[in-house]
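Not measured: the values here are computed from a predicted model. Each residue takes its place number in the sequence, starting with 1.
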Amino acid sequence: MATKPPADGITEDAVLGGRLRLRQPRRGHRVGHDAILLAAACPARAGDKAVDLGAGVGAAGLALAARVPDTTVSLVEIDPRLAALAQENAGLNRLETRVRAVALDAAAPARAFSAAGLGPDSVARVLMNPPFNDPERQRTSPDAGRALAHAAPRAVLMPWIKTATRLLRARGTLTLIWRADGLADVLAALAPVFGAAAVTPVYPAPDKPAIRILVTAVKASRGPLALLAPLMLADASGCPTAAAEAVLRDGAALPGQK
């Protein structure tokens, strides 16, 4: 399939060891490990409908669609320019029949989602990478695009979870990535509606504290919390671990998912 060259200010980059190509702005927020880890933690099965909230240029949702056959994914992104790139990336990776992008705030009211074809109790999986740097506690980027993607008050988690709750059918799963030091906030926000939370801590190296948590929880479940085996990104010598390579280059799912 012939594709147009990237526009000025846009780069085309390979991720997942070249399995996925993504067009993204040269400046501002750039796709990193978080999106690929999020996709790997989502326990989607063939035929599932999924929604990626805060999709950016579509990295996580497209990685999920590439890994799990016959999934259909809606990429929800507040920035119209990034949403347009996400749709372009679906075509670039020949996934446009299963992946579509919607320019919409993740915290928009139910009527806005319904107008976009995303009604209540309509999907099996939601994955999301909300802005998780609290501007009152962490330094934020002077770049507006990076700040929008990364920084928001701690209270931002609640409206995103409210949207996920509305979209998911009973026993559907929500998967999110967050700062490791915010685990208590995540579990508290999930507790009213979600159970059976499974937590995977992500460590940069054996002698470093965890930097991220991946959490998958089940709507309308009373199952207990499970702390899964950690993912170590690099070994003591600084080389990527086999487990990290399997996820970040080969597109494997994280073990232990529901």
Would you give me the side-chain donor-acceptor pairs under 3.5 Å for residues 98-105, sequence neighbours excluded?
| residue | atom | partner | partner atom | Å |
| --- | --- | --- | --- | --- |
| R98 | NH1 | A65 | O | 3.3 |
| R98 | NH1 | T71 | O | 2.8 |
| R98 | NH1 | T71 | OG1 | 3.1 |
| R98 | NH2 | A65 | O | 2.9 |
| R100 | NE | S74 | OG | 3.4 |
| R100 | NH1 | A116 | O | 3.0 |
| R100 | NH2 | A116 | O | 2.6 |
| D105 | OD1 | A107 | N | 3.0 |

| request: Return the minimal non-hydrogen interatomic distance between A189 and M158, and the atom names on each side. | output: CB-SD, 3.4 Å
| note | Note: L75 and G61 closest approach over all heavy atoms is CD2-CA, 3.7 Å
| request: Determine the minimum heavy-atom distance between N89 and R21, stating which atoms define it. | output: OD1-O, 4.1 Å
| So T200 and R212, side chain to side chain donor-acceptor pair (under 3.5 Å) or not? Walk me through it. | CA-CA 8 Å; T200 300; R212 297 286 185 269; over 6 Å; no
| query | Between atom SG of C42 and atom CE of M128, what is the distance when rounded to the nearest 0.5 Å? | reply | 12.0 Å
| query | How far apart are the C-alpha atoms of V68 and D48, what are their side-chain angles, what is the distance that settles it, and do they pass the side-chain contact (heavy atoms from CB on, under 4.5 Å) test? | reply | CA-CA 9 Å; V68 186; D48 280 349; over 6 Å; no
| Of the non-hydrogen atoms in A63 and I36, which two are nearest, and what is the gap between them? | CB-CD1, 4.2 Å
| Verdict with supporting geometry, D250 and R19, side-chain contact (heavy atoms from CB on, under 4.5 Å) | CA-CA 8 Å; D250 300 335; R19 290 170 172 79; 3.9 Å; yes
| field | L248 side chain reached by H33 side chain, heavy atoms, under 4.5 Å | value | yes
| query | Are Y203 and W178 grouped together when hydrophobic residues (ILVMFWY) are joined by side-chain heavy atoms under 4.5 angstrom apart? | reply | no
| message | When you group the ILVMFWY residues by side-chain heavy-atom contacts below 4.5 Å and let the links chain together, are V193 and I161 in the same group? | response | yes
| said: Between D121 and R169, does any side-chain N to carboxylate O distance fall below 4.0 Å? | reply: no
| request: Applying side-chain contact (heavy atoms from CB on, under 4.5 Å), run through R23 and L92 and close with a yes or a no. | output: CA-CA 9 Å; R23 291 179 178 174; L92 187 64; 4.0 Å; yes
| query | Is there a donor-acceptor contact under 3.5 Å from the side chain of K219 to the main chain of L168? | reply | yes
| For A234 against P206, the heavy-atom pair lying closest together | O-CD, 3.3 Å
| request: Scan T216, L127, T163, L190 and name whichever one has a side-chain contact (heavy atoms from CB on, under 4.5 Å) with L174. | output: L190
| task | Examine V215 and W160 and state if one hydrophobic cluster contains both, with Ile, Leu, Val, Met, Phe, Trp and Tyr joined whenever side-chain heavy atoms are less than 4.5 Å apart. | result | yes
| message | Main chain of G56, side chain of E77: is a donor-acceptor contact present, judged purely on distance under 3.5 Å? | response | yes
| request: May I ask you to test the P120-S114 pair for a side-chain heavy-atom distance under 4.5 Å? | output: yes
| field | Euclidean distance, N93 CG relative to L20 CG, rounded to 0.5 Å | value | 4.0 Å
What donor-acceptor contacts under 3.5 angstrom involve side-chain atoms of residues 220-233, with partners at least two apart or in another chain?
| residue | atom | partner | partner atom | Å |
| --- | --- | --- | --- | --- |
| S221 | OG | G223 | N | 3.0 |

| query | Roughly how far apart are L53 CG and L176 CG, rounded to 0.5 Å? | reply | 10.5 Å
| query | Looking at D13 and R30, does any basic side-chain N land under 4.0 Å from a carboxylate oxygen? | reply | yes
| NZ/NE/NH1/NH2 to OD/OE distance under 4.0 Å, D70 and K49 | no
| request: Could you please spell out the steps behind the side-chain contact (heavy atoms from CB on, under 4.5 Å) verdict for L254 and L214? | output: CA-CA 10 Å; L254 281 171; L214 292 155; 3.4 Å; yes
| Do you reckon L85 sits in the same ILVMFWY cluster as V15, going by side-chain contacts under 4.5 Å, direct or chained? | yes
| request: Would you give the length of the straight line joining atom CG of L183 to atom CD1 of I213, rounded to the nearest 0.5 angstrom? | output: 4.5 Å
| said: Checking side-chain polar atoms at under 3.5 Å, does T173 have a donor or acceptor matched by the opposite partner on R125? | reply: yes
| said: Show every side chain to side chain donor-acceptor pair (under 3.5 Å) that has at least one partner inside residues 227-249, sequence neighbours left out. | reply: D235-S237
| query | Is F194 reachable from V199 through a run of hydrophobic residues whose side-chain heavy atoms are each under 4.5 Å from the next? | reply | yes
| note | Closest non-hydrogen contact found for L62 with A90 is CD2-CA, 3.7 Å
